[in-house]
Enquirer: 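Before anything else, here's the structure in question.
What you see is a predicted model, and the numbers here were worked out from it, not measured in a lab.
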Amino acid sequence: MTENEASTAETGLAFSGGGIRSAAFCSGVLRRLLQRNTKIDYLSCVSGGGYTGTAYLDWKYRHGKKDDPRWHQEFFDYMRERAGLMCNWQKPLQGILDSIVLIFLMLIVSVIMPTIVWGSYIFPLVYAIDFIFGDLLRAEDECDDVPAQTPQRSARSVSTNVTSPMIPDANVTSAARRGSRCKITANSEAYKRVVLFATLAALFIIFYMVAKKVRKLRDKLYFVSVFSGLVFAFTFIPYFIYNFLDRTPTWAQLLIVVFSVVVWVFFPVLRGKSSFVVVVYLYSYAVYWKVYESSLFGIEYSDDLFYRLLFGFGIVLWFVPMLGALQQRLVHIFNRWRLQKAFYTDASVGSTGCKGIGCEDIFLMTCQSAAKHDPLSDTEFRPLSLRDLEGVKPQYLSNIVVNEWCLDKLGNTAKYELLTMSPIDIERLDRPEGQEQFENKLDPGEVDLSAAMATSAAAVARNMGAYDGSAEGFKQLQTVLGLGMGASMVTDVEALKRENCFLKTLPFIIEGIRILPLVTFPLVYFAGGDEKWVAIGVLTFFVILLMLIGISVLKTGDENPGCLEKVTRWFIVHVPFVRFMRQILFVTNDGPSPPPILRLSDGGHIENLAILPLLKKRLEKIVVVDGGHKANDNEWGQDLLKALSLAREKLNCSFIGLDGRDVIEDVKEKFVNKPQGHQPRSYRFKVYYYEKKSVFEDGIKVGEGEILFIAPRHPDRGIKTQERVTWKEALRDIDVDLEAGQWGLGPQLDAEETDSLTFCCCECCHGNSLRWLSEALCGTFPQHITANQFYTPRMFSAYHSEGYNASVEAETAEFLGAVHDVEMTDSVEHQT
């Protein structure tokens with residue numbers, strides 16, 4: 001048997017995304033396959049399907065790497081009891097505590113931390129704007145009956161007055177301007193101000209448009225565009241506030257802000273930055289407070305107060321990198337903790353479920369020992385790594401999206417691709433033959449099983465893969481507020497381990513140098529020095545920041561990086577400010593070498609069925625379990641057809657129905673467009689594998705296989721091909737008797753049972769009252785919304801039963817067991 005023939009003799013099982021709904025449905029399919037001792041070589045999971053897949057492998061490893069019906073029953077009972085993984089309302093006190101934790105988490109991540117992280121830069125920025133543009137912004141227009149005035153601020157004023165003596169009273173000048181005809185003459189201060197605003201606005205738009213066209217310099221041009229836009233905002237908006245909004249009612253100001261947000265969202269050039277509106281307005285009001293020495297929210301301006309705030313926030317900036325790192329990863333860490341605590345064994349995650357989550361998950365450093373990926377001993381209690389599962393069947397494949405990485409040096413390909421993590425290797429789906437990517441850099445032993453699972457389930461992320469277009473207006477907001485669940489991972493972990501003490505200390509020295517001017521020079525001022533020392537300190541601080549930002553946009557990705565790229569990669573990994581700016585500017589790594597920091601998100605952001613890695617292995621038998629959300633019956637085949645389209649494009653696969661019909665029409669005819677009561681839970685079709693050596697050659701057929709697709713149905717809509725049996729009768733061959741009160745009477749559900757699964761969290765919410773409201777808010781069986789992660793044991797049982805029933809109806813175990821029966825005549829006749 002050749003190597004290709006050996007590979008196609010293997011089988012694969014794919015568990016789709018869909019949160020706890022998919023996890024429950026997939027668990028029912030898994031129960032049926034385990035009951036029949038079905039041979040499965042590969043288990044490919046994405047998002048919610050990974051809850052069940054990885055938990056099963058964790059339990060199997062802890063039970064001697066062998067299957068046994070006794071621990072299988074314990075495992076499924078364990079999952080059912082913990083279905084409310086985010087908020088367990090089966091125990092009211094626990095539910096209240098979990099709810100409080102969730103509320104405080106969102107408050108900390110979305111309000112408190114962003115305020116500290118972004119607010120810490122406000123006073124240095126305000127001082128710089130005032131120092132460079134202040135006199136120009138304060139210059140008065142030349143009006144016919146009001147003398148032209150160009151107020152100059154005193155070099156050092158510690159007055160606590162609201163208005164400086166050198167600045168005309170706002171009431172007088174505003175009233176005068178309203179009754180006068182003003183003009184702008186060449187070379188006047190007002191003329192220079194108009195030129196400034198026009199120039200900055202033009203640079204913002206021009207560089208943005210050019211960056212779209214010139215891919216080679218895209219990141220640098222985009223940075224210039226953003227910088228020009230921000231300087232324009234921090235000069236024009238304060239001027240606008242002073243001249244037009246200062247006497248406008250509060251409600252009118254809010255209306256203007258709302259209108260401005262709408263413009264930013266819907267104007268294409270500004271849409272990607274729409275989420276910065278709130279931050280920009282806050283900074284602009286602070287600039288207004290400083291430049292015009294006005295009262296803001298009842299706080300009167302004084303130089304003494306301002307410089308004290310400048311010094312205090314300089315101290316805060318020392319801690320901002322750590323807070324920023326925690327803010328960006330806290331939701332991901334919380335999600336991973338809840339998932340592994342809910343479903344994994346205590347031996348792997350401990351009684352609190354926290355084992356395996358450490359400082360490396362927050363600060364992207366290697367805090368664990370260098371021997372982490374050594375094999376786990378039988379008596380050792382610690383989290384499983386992917387490498388620990390080497391040799392355990394089925395082999396786990398985690399589907400994750402890696403973002404901001406083009407294999408093409410010119411950046412002409414997509415900025416995201418599917419990344420597959422397994423106990424054997426880590427690779428991109430489109431990795432060219434013979435190209436090294438993670439060898440001797442990132443070993444599967446460095447990735448915890450729960451980390452791979454939680455990253456594959458990062459449904460809400462700052463980088464959204466194929467969903468980027470639909471979420472463009474929210475990506476920056478997610479970065480600012482830390483709302484993303486996506487993960488970041490250092491690519492070259494082995495290089496981190498080889499670093500000497502100096503290189504490990506250097507990042508702290510750089511952080512100290514970054515903040516030192518902002519702290520020391522104001523102290524000189526308070527000691528009696530001239531105000532110029534404050535100016536020197538602030539400007540030095542921003543020069544350092546600009547240098548770090550310049551480093552953040554430098555090119556990476558060359559297969560053989562030079563000295564400059566090596567230095568850039570080191571800064572990205574070790575200096576949080578550089579890493580954060582690279583992320584917020586969405587700088588792309590162009591080239592075959594992986595980016596220094598992998599930006600990872602939900603595998604469903606490319607393909608939600610987890611089938612692509614199995615097709616790449618050219619397996620002969622593949623079962624795909626679809627627990628994804630569908631708004632209506634017409635959407636049942638969409639995820640499948642999308643996955644097949646990607647397989648054609650990326651893997652040179654071809655698909656047809658069992659009777660030779662085109663698969664697109666075949667799936668619509670046999671699976672989607674069926675009347676209620678006749679909707680099948682499965683669909684089978686063929687795949688042909690082709691190999692293409694180059695774009696100039698035709699593809700050569702190298703194998704073929706069959707795919708069995710399974711999905712849930714409502715009891716009133718699905719086909720009823722099985723006689724109703726109890727769980728005891730269904731599982732009689734493995735001597736297991738499920739309690740009827742826990743799992744229902746049997747695997748076949750009735751409409752009354754499923755329709756009563758209303759609302760969420762607590763089983764007392766289930767019932768037929770207010771069913772219409774529940775349907776609008778939470779959906780109905782078998783399509784409760786994915787956003788709802790507050791399942792009750794009854795809801796889990798229903799989806800589990802439907803998965804088992806669908807697997808029986810589709811003869812899944814028989815399909816995978818008949819490895820060498822290519823024709824599968826009897827099954828084909830049954831399906832048709």
Enquirer: Any donor-acceptor pair under 3.5 Å linking the side chain of Asn403 with the backbone of Tyr416?
Expert: no
Enquirer: Just to verify, which of Lys66, Arg70, Lys65 counts as forming a salt bridge (charged side-chain N to carboxylate O under 4.0 Å, His left out) with Asp68?
Expert: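 Going through the options one by one, the only one that passes is Arg70.
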Enquirer: Taking only Lys NZ, Arg NE, NH1 and NH2, and the carboxylate oxygens of Asp or Glu, determine whether Arg661 and Asp659 approach each other closer than 4.0 Å.
Expert: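 Here Arg661 does not pair with Asp659 in a salt bridge, since their nearest N and O are not under 4.0 Å apart.
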Enquirer: Just by modelled atom types, is the Glu763 backbone N or O under 3.5 Å from a matching donor or acceptor in the Thr792 side chain?
Expert: no
Enquirer: I'd like to know if the side chain of Asn608 pairs up with that of Ser47 as donor and acceptor (distance under 3.5 Å, no hydrogens or angles considered).
Expert: no
Enquirer: Check the pair Glu753 / Arg794 against salt bridge (Lys or Arg N to Asp or Glu O under 4.0 Å), numbers first and verdict last.
Expert: CA-CA 10 Å; Glu753 182 180 359; Arg794 275 184 59 191; over 6 Å; no
Enquirer: Does Tyr799 reach the side chain of Ile20, with side-chain heavy atoms less than 4.5 Å apart?
Expert: no
Enquirer: Within the side chain of Gln679, is there an N or O that forms a donor-acceptor pair under 3.5 Å with the backbone of Arg713?
Expert: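 Here the side-chain-to-backbone pair does not exist.
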Enquirer: Please give me the minimum heavy-atom distance between Glu669 and Lys674, naming the atom from each residue.
Expert: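 Answer, listing the atom of Glu669 first, then Lys674: O-CE, 3.4 Å.
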Enquirer: Between Thr786 and Gly19, which heavy-atom pair has the shortest distance, and what is it?
Expert: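 Residues Thr786 and Gly19, closest heavy atoms: CG2-N, 3.9 Å.
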Enquirer: Which value, rounded to the nearest 0.5 Å, describes the distance between Ser456 atom OG and His605 atom NE2?
Expert: 10.0 Å
Enquirer: Between atom SG of Cys760 and atom CD1 of Ile785, what is the distance when rounded to the nearest 0.5 Å?
Expert: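 If I round to the nearest 0.5 Å, the distance is 8.0 Å.
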Enquirer: Are the side chains of Val624 and Leu708 in contact, using a 4.5 Å heavy-atom criterion?
Expert: no
Enquirer: May I ask you to decide whether Glu427 forms a salt bridge with Lys616, counting only side-chain N to carboxylate O separations under 4.0 Å?
Expert: yes
Enquirer: Ser801 and Leu749: which non-hydrogen atoms are nearest, and at how many Å?
Expert: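 Nearest pair, atom of Ser801 first, then Leu749: CB-CD2, 3.9 Å.
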Enquirer: Does any pair with a residue in residues 703-723 pass ring-ring contact (aromatic ring centres under 6.0 Å, His included), and if so which ones, sequence neighbours excluded?
Expert: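 Sorted result for residues 703-723: Phe671-Phe709.
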Enquirer: Do other residues, nucleotides or ligands put more than 12 heavy atoms under 6.0 Å from Lys91 NZ?
Expert: no
Enquirer: Verify the neighbour count for atom NZ of Lys668: are there more than 12 heavy atoms of other residues, nucleotides or ligands below 6.0 Å?
Expert: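 Counting neighbours around NZ of Lys668, 12 or fewer heavy atoms of other residues, nucleotides or ligands fall under 6.0 Å, so no.
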Enquirer: Do Phe25 and Phe15 pass the ring pair (Phe, Tyr, Trp, His ring centres under 6.0 Å) test, and can you show the C-alpha distance, the side-chain angles, and the key distance before you say yes or no?
Expert: CA-CA 9 Å; Phe25 181 67; Phe15 283 168; 9.2 Å; no
Enquirer: So does Pro423 get a backbone contact from the side chain of Gln395, meaning a donor-acceptor N/O pair under 3.5 Å?
Expert: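 It does not hold such a pair.
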Enquirer: Would Thr345 and Asp58 count as a side chain to side chain donor-acceptor pair (under 3.5 Å) if you check the C-alpha gap in whole Å, the side-chain angles of each, and the deciding distance to 0.1 Å?
Expert: CA-CA 7 Å; Thr345 59; Asp58 179 77; 2.9 Å; yes
Enquirer: Are the side chains of Leu640 and Asp626 in touch, meaning some heavy atoms are under 4.5 Å apart?
Expert: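 A side-chain contact is absent here, since even the closest heavy-atom pair is not under 4.5 Å.
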Enquirer: Strictly by modelled atom types, are Ser756 and His766 linked by a side-chain donor-acceptor pair under 3.5 Å?
Expert: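 There is no such pair (donor and acceptor under 3.5 Å, judged by atom type) between the side chains of Ser756 and His766.
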Enquirer: Do the side chain of Arg681 and the main chain of Ile719 share a donor and acceptor less than 3.5 angstrom apart?
Expert: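 Flag set: sc Arg681 to bb Ile719 pair under 3.5 Å.
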Enquirer: Please determine whether a side-chain nitrogen of the Lys or Arg among Asp750 and Arg724 lies less than 4.0 Å from a carboxylate oxygen of the Asp or Glu.
Expert: yes
Enquirer: With side chain to side chain contact (heavy atoms under 4.5 Å, CB included) as the criterion, how do Arg338 and Leu102 come out once you've worked through the C-alpha distance, each side chain's angles and the decisive distance to 0.1 Å?
Expert: CA-CA 11 Å; Arg338 299 299 297 188; Leu102 282 171; over 6 Å; no
Enquirer: Strictly by modelled atom types, are Thr758 and Arg771 linked by a side-chain donor-acceptor pair under 3.5 Å?
Expert: no
Enquirer: Check the pair Tyr344, Thr54 against side chain to side chain donor-acceptor pair (under 3.5 Å), reporting the backbone distance first and the verdict last.
Expert: CA-CA 8 Å; Tyr344 287 23; Thr54 59; 2.7 Å; yes
Enquirer: Which is it for Leu615 and Tyr689 under the side chain to side chain contact (heavy atoms under 4.5 Å, CB included) test, yes or no, and what are the steps along the way?
Expert: CA-CA 8 Å; Leu615 292 172; Tyr689 301 112; 3.9 Å; yes
Enquirer: Using only atom types and a distance under 3.5 Å, with no angle test, would you say the side chain of Lys621 pairs donor to acceptor with the backbone of Leu619?
Expert: no
Enquirer: Taking all non-hydrogen atoms of both residues into account, name the closest pair between Ile40 and Leu33 and its distance.
Expert: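 Shortest heavy-atom separation between Ile40 and Leu33 comes out as CD1-CD1, 3.8 Å.
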Enquirer: By ring-ring contact (aromatic ring centres under 6.0 Å, His included), which residues pair with Tyr78, not counting sequence neighbours?
Expert: Trp59
Enquirer: Report yes if some heavy atom in the side chain of Pro613 is under 4.5 Å from a heavy atom in the side chain of Leu418; otherwise report no.
Expert: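 In contact.
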Enquirer: State, to 0.1 Å, how close Gly604 and Val46 come at their nearest heavy-atom pair, and which atoms those are.
Expert: N-CG2, 3.2 Å
Enquirer: Are any of the side-chain heavy atoms of Lys650 and Asp430 separated by less than 4.5 Å?
Expert: no
Enquirer: Would you indicate whether Arg648, at its atom CZ, is surrounded by more than 12 heavy atoms from other residues, nucleotides or ligands within a distance under 6.0 Å?
Expert: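 For Arg648, atom CZ is crowded (more than 12 foreign heavy atoms under 6.0 Å).
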Enquirer: What class does the angle between the rings of Tyr683 and Phe685 fall in, given that below 30° is parallel, 30 to 60° is tilted and above 60° is perpendicular?
Expert: parallel
Enquirer: Within the 4.5 Å heavy-atom criterion, are Leu339 and Ser450 side-chain neighbours or not?
Expert: no
Enquirer: Are the side chains of Pro715 and Phe781 in touch, meaning some heavy atoms are under 4.5 Å apart?
Expert: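 Of all side-chain heavy-atom pairs linking Phe781 with Pro715, at least one is under 4.5 Å.
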Enquirer: Pick one: which of Glu802, Arg80, Gln742 meets side chain to side chain donor-acceptor pair (under 3.5 Å) with Ser797?
Expert: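 Going through the options one by one, the only one that passes is Arg80.
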Enquirer: Do Met86 and Phe334 pass the side chain to side chain contact (heavy atoms under 4.5 Å, CB included) test, and can you show the C-alpha distance, the side-chain angles, and the key distance before you say yes or no?
Expert: CA-CA 9 Å; Met86 290 297 173; Phe334 178 82; 4.0 Å; yes
Enquirer: Please find the pair of heavy atoms, one from Ser16 and one from Ser22, that lie closest to each other, and give the distance.
Expert: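 Minimum heavy-atom separation between Ser16 and Ser22: O-OG, 2.7 Å.
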Enquirer: Is it true that a side-chain atom of Ser99 and a backbone atom of Gly95 form a donor plus acceptor pair closer than 3.5 Å?
Expert: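 It does hold such a pair.
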Enquirer: Between Gln340 (side chain) and Ala454 (backbone), is there a donor-acceptor pair under 3.5 Å?
Expert: no
Enquirer: Go through Arg618 and Glu691 one step at a time and tell me if the salt bridge (Lys or Arg N to Asp or Glu O under 4.0 Å) criterion holds.
Expert: CA-CA 11 Å; Arg618 297 170 180 169; Glu691 186 173 310; 3.3 Å; yes
Enquirer: In a table with atom names and distances, give each donor-acceptor pair under 3.5 Å that connects a side chain of residues 772-779 to protein atoms at least two apart or in another chain.
Expert:
residue: Ser774; atom: OG; partner: Phe759; partner atom: N; Å: 2.6

Enquirer: Under 3.5 Å, side chain of Ser601 to main-chain N/O of Ala458, donor-acceptor pair present?
Expert: no
Enquirer: Take atom NZ of Lys701 as the centre, draw a 6.0 Å sphere, and report whether it contains more than 12 heavy atoms from other residues, nucleotides or ligands.
Expert: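 Check passes, neighbour count above 12.
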Enquirer: Please confirm whether the backbone N or O of Asp662 pairs with a side-chain atom of Glu665, one donor and one acceptor, at under 3.5 Å?
Expert: no
Enquirer: For the CD atom of Glu607 and the CG atom of Leu609, what is their distance to the nearest 0.5 Å?
Expert: 5.0 Å
Enquirer: Are Trp727 and Tyr804 an aromatic pair, judged by ring center distance below 6.0 Å?
Expert: yes
Enquirer: Determine whether Phe815 and Arg684 satisfy the following criterion, side chain to side chain contact (heavy atoms under 4.5 Å, CB included), listing intermediate values before the conclusion.
Expert: CA-CA 10 Å; Phe815 173 81; Arg684 189 187 295 185; 3.6 Å; yes
